[in-house]
2 protein chains.
Amino acid sequence: MAISSESASKSSPAGRVTLDDVAHLAQVSPATVSRCLNRPESVNLEKRTRVKQAIQALGYVPHGAARALASNQSRMVGAVFPAIDNTLFGASLDAFQRTMSDADYTVIVASSTYDPAREKQHVRRMLQSGIDALMLVGLARDDEIYELIRAHGIPYVTVWRSADHQPHPAVGFDNCAAAEHLTDYLFSLGHERIAVFSGILADNDRAQDRLAGVRKSYAKHGHKLADQYLIERPFGVEQGREMLRLIMSQDAPPTAIFCGAEPLAYGAIFEAAAQNIAVPGQVSIAAFDDTWLAAQISPKLTTVRTPNMEIGEEAAKYLIATLSGVQPPLPRPLETDLIIRESTGRPPA
Amino acid sequence: MAISSESASKSSPAGRVTLDDVAHLAQVSPATVSRCLNRPESVNLEKRTRVKQAIQALGYVPHGAARALASNQSRMVGAVFPAIDNTLFGASLDAFQRTMSDADYTVIVASSTYDPAREKQHVRRMLQSGIDALMLVGLARDDEIYELIRAHGIPYVTVWRSADHQPHPAVGFDNCAAAEHLTDYLFSLGHERIAVFSGILADNDRAQDRLAGVRKSYAKHGHKLADQYLIERPFGVEQGREMLRLIMSQDAPPTAIFCGAEPLAYGAIFEAAAQNIAVPGQVSIAAFDDTWLAAQISPKLTTVRTPNMEIGEEAAKYLIATLSGVQPPLPRPLETDLIIRESTGRPPA
DNA sequence: TTTTGATTTGAAAGCGCTTTCAAATGATAA
DNA sequence: TTATCATTTGAAAGCGCTTTCAAATCAAAA
């Protein structure tokens, strides 16, 4: 029969400090406190300061779930990336998060590991969590996901791929054109046997776009990408090394390699060094992304600079604008730059 | 005077599908539907299936905020990292997120950019969002933050640093011992002039620990770290390059360099190559983290492997266990490994 | 058959806020 | 001074769920 001190007096309850407590202390109604939180300018200055002080004094922290329930918005936004453990998406996520944070939004993040099923699952969970908006990488996915999102009536944006005639708002760049441009450059150097190191193409529209760009350039120059010049592996340095071994041991090895992502190129360069294959003397190597390593490695990597941070930031801005009632113009495709460094040159004679 | 179709009939409301709708369709009470969601085994099989079908049929998605409000738990956890755009923390975040996701938790993430004020702000916001648990990097921070967290009564865990006699649960490793060990190794090679490239020490207890470890080793060998051998810069490759330039142009340049983080080491190695300084011939370089590049770069980097993914995973597991009522043992310090590669050797004669 | 205890169920009371609505107040014009 | 309108305020009704509590049901024991 221990005596519990549970039943605290009404005037100073033991548990959480509520908005009502603040109202009490400040001698105003709960409604007024709420207004101070949401539209301070609509409250008389004197009361506003009283409330502010009461909040300070009590160390009041608003209850997010209660606010979300009552107001039907959570100030949380979701972002699902294929991966978050690399510089590429990391930079984007970082910018996205920072921009959102500055606008007083909190971000929920998840990585799909390039698996559509996981992505759908994450979207589901985020929707349940009550996110106000959502960011997704790429456009190609089950329509069911888009319907789910629409059913919840929240704005969303896809990134990393621009979409001229697409049904979905997109912040990104033209992967196909950029890839075509890079391949054109390789052709202009005199290469005709250009191999492609690609990430897994299934469920990755960015990778597909890039491959399409290469093909377009090939066609333009009256050639065709030979099957044995296309290798597909998960993104990774080791995979890049393996691909180089594979491709260079062919009967007619390529004189240039187009890498769909930078880790593949690093692997290729490292492996080339290990095998004493001169880059670009014997084989040129070019890639996508312009990560910090590109300009440091030897030979310095020729690569397409993609606007990773800008994507995160612009996507966030677009969502924020939409959420605040402005209907922002669909973001224009972002710029990419072909940065020519040392890893590409004329084909061997 | 347009006729609005707003006032929908009760039986099929226009808006959101609620638990009550499901209850109606399944011919049970809302309470039963709720039980199906939370403790299905407590509901008669027949009704349970009826409810399940109704949920399917209506495409019902529970309202997270409402659940959170009523049940006082949100199934969301927070994680604040100093940065999320690099492989190091990225790997940790990824593992954390995956583990949490498997336990049906959603993760809110933010990066403090090594700024205590931002960190506090993020913690505040997350607490408001109603997180059930929190992960923080390192132990050293304003007590106010810890009090805030305690006031909310949620479990938390600090990471990246083990804490024997610390007042806070920690998942990490002994930075000091690992650094001491690495420095010992350098001494054992015959080095006596060992410089330290450190990240900014203020507000970074991991960096401080590592420096302490170096000092300990110095002392043990009867020497003392000279002031001009300690350089402090933000983490980054460019900074590493700059530091190398600085340190090697001194009157008595060091014969070995201890880098508190890998980007610094990469910068040093790249710059050494640019300046024709032999590594390890003229100067040995060693670092912390064992990121994917360490084994690829030339010379291959001698480095301390830190358990980045394990940290994320273990931290998540600890939190999950705590949340489910189990009081898990405080995690033991994780292991680090000194991985000796090519960038270290005997000092020049 | 009745009794007992365990299991399953529903009614109803919130969780902590926002927001509508009408009342009160203040400022301005008549 | 009174009438008019804009501004500030508070009372109260939810938001969509969980959870307590007591009633109903069921199975087993008497």
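For the numbers below, each heavy atom of this structure counts, side chains included, while hydrogens, waters and symmetry mates do not. Each chain gets a letter, A, B and so on, in the order its sequence line appears, and its residues count up from 1.
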Separation of D:dG14 P from B:His63 NE2 (nearest whole Å): 17 Å

Distance below 4.0 Å between B:Ser34 side-chain N/O and D:dC17 OP1 or OP2: no

Whether A:Thr49 side chain and A:Leu45 backbone form a donor-acceptor pair below 3.5 Å: yes

Check: B:Thr106 side chain, B:Met76 main-chain N or O, donor-acceptor pair, under 3.5 Å: no

Selection from C:dC15, D:dA11, C:dA11 that lies nearest to any side-chain heavy atom of B:Ala31: C:dA11

Charged N-O contact under 4.0 Å between B:Arg125 and A:Asp104: yes

Interatomic distance where CG belongs to A:Leu37 and P belongs to D:dT9 [whole Å]: 15 Å

5' precedence on DNA chain D between B:Arg35 and B:Leu69 (nearest-nucleotide basis): B:Leu69

Spacing of B:Arg39 atom CZ relative to D:dT19 atom C1', expressed in whole Å: 9 Å

N or O in side chain of B:Ser29 less than 4.0 angstrom from C:dG10 OP1/OP2: yes

Any B:Lys47 side-chain N or O less than 4.0 Å from OP1/OP2 of C:dT9: yes

B:Asn72 side chain near D:dT18 phosphate (N/O to OP1/OP2, under 4.0 Å): no

Whole-Å distance separating the NE2 atom of B:His24 from the P atom of C:dA11: 11 Å

Rounded distance in Å - CZ (A:Arg67) to C1' (C:dC15): 16 Å

Length of the CD-P vector between A:Gln27 and D:dG10, whole Å: 10 Å

Cationic N near anionic O, under 4.0 Å, B:Arg98 to B:Asp102: no

Interatomic distance, A:Glu41 CD vs D:dT9 C1' [rounded to whole Å]: 15 Å

Nearest-nucleotide comparison on DNA chain C, the residue closer to the 5′ end among B:Val43 and B:Ser71: B:Val43

Donor-acceptor side-chain pairing of B:Asp132 and B:Ser74 below 3.5 angstrom: yes

Protein-nucleotide distance (A:Asp20, atom CG; C:dC17, atom P), rounded to Å: 7 Å

